[in-house]
Amino acid sequence: MAKRNAHGRGTRLVEAGRRVEWTGPVVNPPVWRASTHLYADTAALDECKHHNADGHFFYGRRGAPTQWALADALTSLESGAVGTVLYPSGVAAIAGALLAVLKPGDVLLVTDNAYEPTRAMARGLLARMGIEARFFDPLDLAAFPERFCERTKAVMLESPGSLTMEVCDVPALAAAARERGAATIMDNTWAGPLGFQPLAHGCDISVMSLTKHVGGHSDLMMGSASAGEKWHARLRQTAQALGHVVSPDDASLALRGLRTMGVRLERSTASALAIAQWLRQRAEVAHVLCPMLPCSPGHDLWQRDFTGGCGLLSFVLAGSDEPARSRFIDALELFGIGFSWGGFESLVTPFDPAPIRSRTNWPPPGWQQADRLGVRLSIGLEDTADLVADLDRAFAAMEPR
Ligand SMILES: *Cc1c(COP(=O)(O)O)cnc(C)c1O
């Protein structure tokens, strides 16, 4: 294991999870489609009840080598993790992590730029269970400690934030939470383990939507939560209580995606950065929200804490109206209109964060009030020049303004 961790990222992506007891003589673990696991005799059946861990056959809900190999691979990429639990979607992983940590009467602090379904979960499902969610401004470090009370038991972080891409000071926020006895859960979907290491920066649970970079091909949905000794056991118990399981076919696809995640991310990151630089020169664009871009908000913290980026960025139109934004988006030919991101193909979605923020303002202080309509791009693996030409044509289609 120690030897494995000494390797570079590319090598680790190739080696991760490929235990010979799960792969046999072939390169990839076979797809073990199984509900029932069979035992040689009643003594073997009795024996299996003593082991509740990946690597031990029991019943389909606890997975088989295909799922174990994926979980093991993700654990080996997350420094500080002893194990990883898989979920049927990223949202299920967020729910699984929050339910593992919280109980009725607890208070949860949620970053104001959280993924919208995370907010909805806090306000709906968790509120019904008697868990109170309070939102906070992730960039206001001075005000953060004031948000805590005796009952605060967890903090939910996401960096960069969904849609608006603010990079927060994860080590400082996580340290403040730990001092006050609260567990920090971080949604690390944007950077993934190659770009950011939540546990090494003080978080307790690292959550990811595998639907995005790990799957990488827009053909599967899955989530994961990785943690150290303390929380891994709770995550596992909670997921088992909820009956979460992922199909071996999807686990096999996710493992296939994982092998090429490094090269895909390098390519889409470089392309996204070039496009961000091009967007910054455009008169139609008031702000480019891309932490990898020097001068973009959050770039300093991104440089300090992150080791990689991805193809997801946003920009804000200069004083535009919604019909003009729709003309722009509808004129794009290489960007599909749709949710999700991290696939090989480029995507575009309009956004307006104002109605889904409670502690921060949109537009942020210092911006023109008219500069508020957002566009999010997920840059895929097409040629950058073709994507730029497509964007250029679509800006022309925005006229008359
Ligand atoms: C997409 C997304 C999720 C949810 O993942 P699903 O697999 O679609 O359920 C969670 N967090 C972030 C930041 C996301 O972008």
Side-chain angles (χ1 to χ4, degrees), residues 1 4-5 12-24 27-34 37 48 51-97 100 185-189 192-194 197-199 203-216 220-259 261:
M1 260 320 193
R4 230 202 260 180
N5 285 340
R12 286 163 67 188
L13 283 176
V14 169
E15 296 287 310
R18 285 174 50 206
R19 297 189 189 203
V20 68
E21 65 266 34
W22 296 339
T23 59
V27 174
N28 294 292
V31 176
W32 290 65
R33 288 204 190 90
H37 298 176
C48 83
H51 307 284
N52 183 350
D54 283 2
H56 293 274
F57 286 98
F58 180 71
Y59 175 59
R61 235 187 294 110
R62 289 195 193 163
T66 325
Q67 294 98 326
W68 300 337
L70 174 61
D72 186 47
L74 293 169
T75 302
S76 72
L77 295 171
E78 193 88 42
S79 70
V82 301
T84 296
V85 178
L86 301 173
Y87 301 84
S89 70
V91 165
I94 293 165
I185 301 165
M186 174 156 174
D187 183 334
N188 193 39
T189 303
L194 299 183
Q197 292 276 312
L199 305 183
C203 299
D204 296 280
I205 301 177
S206 171
V207 172
M208 222 186 346
S209 165
L210 307 182
T211 309
K212 314 289 166 56
H213 302 318
V214 173
L220 73 93
M221 300 205 67
M222 204 180 289
S224 65
S226 305
E229 206 76 62
K230 177 176 178 193
W231 291 110
H232 174 63
R234 281 284 282 279
L235 287 168
R236 194 174 165 88
Q237 284 162 7
T238 307
Q240 288 182 355
L242 291 167
H244 280 322
V245 63
V246 305
S247 92
D249 297 85
D250 288 345
S252 171
L253 277 178
L255 263 176
R256 169 186 280 229
L258 187 70
R259 305 299 174 203
M261 182 171 74

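Side-chain atoms are counted along with the backbone in the values below, which use heavy atoms only and exclude waters and symmetry mates. None of the values given here were measured: they were computed from a predicted structure.
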Requested in this report: Applying side chain to side chain contact (heavy atoms under 4.5 Å, CB included), run through Met261 and Val214 and close with a yes or a no.
Outcome: CA-CA 6 Å; Met261 182 171 74; Val214 173; 3.7 Å; yes
Requested in this report: Show your working on side chain to side chain contact (heavy atoms under 4.5 Å, CB included) between Arg236 and Asn52 and close with a plain yes or no.
Outcome: CA-CA 9 Å; Arg236 194 174 165 88; Asn52 183 350; 2.9 Å; yes
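In summary, the side chains of Arg18 and Asn28 do not present any donor paired with an acceptor at a separation below 3.5 Å, with no hydrogens or angles considered. A donor-acceptor pair shorter than 3.5 Å cannot be found between the side chains of Asn188 and Gln197.
The only member of Pro198, Pro193, Ser79 that meets side-chain contact (heavy atoms from CB on, under 4.5 Å) when paired with Ser206 is Pro198.
Taking 4.5 Å as the limit, every side-chain heavy atom of Met222 sits out of range of all side-chain heavy atoms of Ser89. Using a 4.5 Å cut-off on side-chain heavy atoms (C-beta onward), Leu255 and Pro29 make contact. Side-chain contact between Leu13 and Arg259: absent, with no pair of heavy atoms (C-beta onward) separated by less than 4.5 Å. Put simply, the side chain of Leu86 reaches to within 4.5 Å of the side chain of Leu210, judged on heavy atoms.
In this structure, Gly228 and Val82 approach most closely via the heavy-atom pair C-CG2, 3.6 Å. Here the closest non-hydrogen pair linking Gly96 and Thr238 is O-CG2, 4.0 Å. Scanning all heavy atoms of the two residues, the minimum distance from Arg12 to Ser76 falls at NH2-O, 3.0 Å. Contact detail for Leu220 and Gly215: the closest heavy-atom pair is CD2-CA, 3.9 Å. Here the closest heavy-atom approach between residue Trp231 and residue Ala100 is recorded as CZ3-O, 3.9 Å. Heavy-atom minimum distance, Ala225 versus Val207: CB-CG2, 4.2 Å.
Under the side-chain contact (heavy atoms from CB on, under 4.5 Å) criterion, Ala81 pairs with Thr75, Glu78, Leu199, Ser226, not counting sequence neighbours. Partners of Arg62 according to the salt bridge (charged side-chain N to carboxylate O under 4.0 Å, His left out) rule, which considers only residues two or more places apart in sequence or in another chain, do not exist here.
In this structure, the side chain of Gln67 engages the main chain of Val246 through a donor-acceptor pair within 3.5 Å. The backbone N or O of Phe57 sits nowhere less than 3.5 Å from a side-chain atom of His37 that would complete a donor-acceptor pair.
Between atom CG of residue Leu77 and atom CD of residue Glu15 there is a gap of 11.5 Å, rounded to the nearest 0.5 Å. The structure places OG1 of Thr66 at 9.5 Å from CZ of Arg33, a figure rounded to the nearest 0.5 Å. Going from atom CG of Leu235 over to atom OG of Ser224 covers 10.5 Å, rounded to the nearest 0.5 Å. Between Thr189 atom OG1 and His213 atom NE2 the span is 7.5 Å, to the nearest 0.5 Å. Here the CG-CG distance, from Leu70 to Asp250, works out to 10.0 Å after rounding to the nearest 0.5 Å. Note that CG of Asp72 and CG of Leu74 are 9.0 Å apart. Values are rounded to the nearest 0.5 Å.
The pair Asp54-Arg19 does not meet the salt-bridge criterion, since no charged nitrogen lies less than 4.0 angstrom from a carboxylate oxygen.
In this structure, the ring of His244 has its center less than 6.0 angstrom from the ring center of Tyr87.
The aromatic rings of His51 and His56 sit parallel, their planes meeting at an angle under 30°, below the 60° perpendicular limit.
No more than 12 heavy atoms of other residues, nucleotides or ligands shown are found within 6.0 angstrom of CH2 on Trp32. More than 12 heavy atoms of other shown residues, nucleotides or ligands fall within 6.0 angstrom of atom CD in Glu21.
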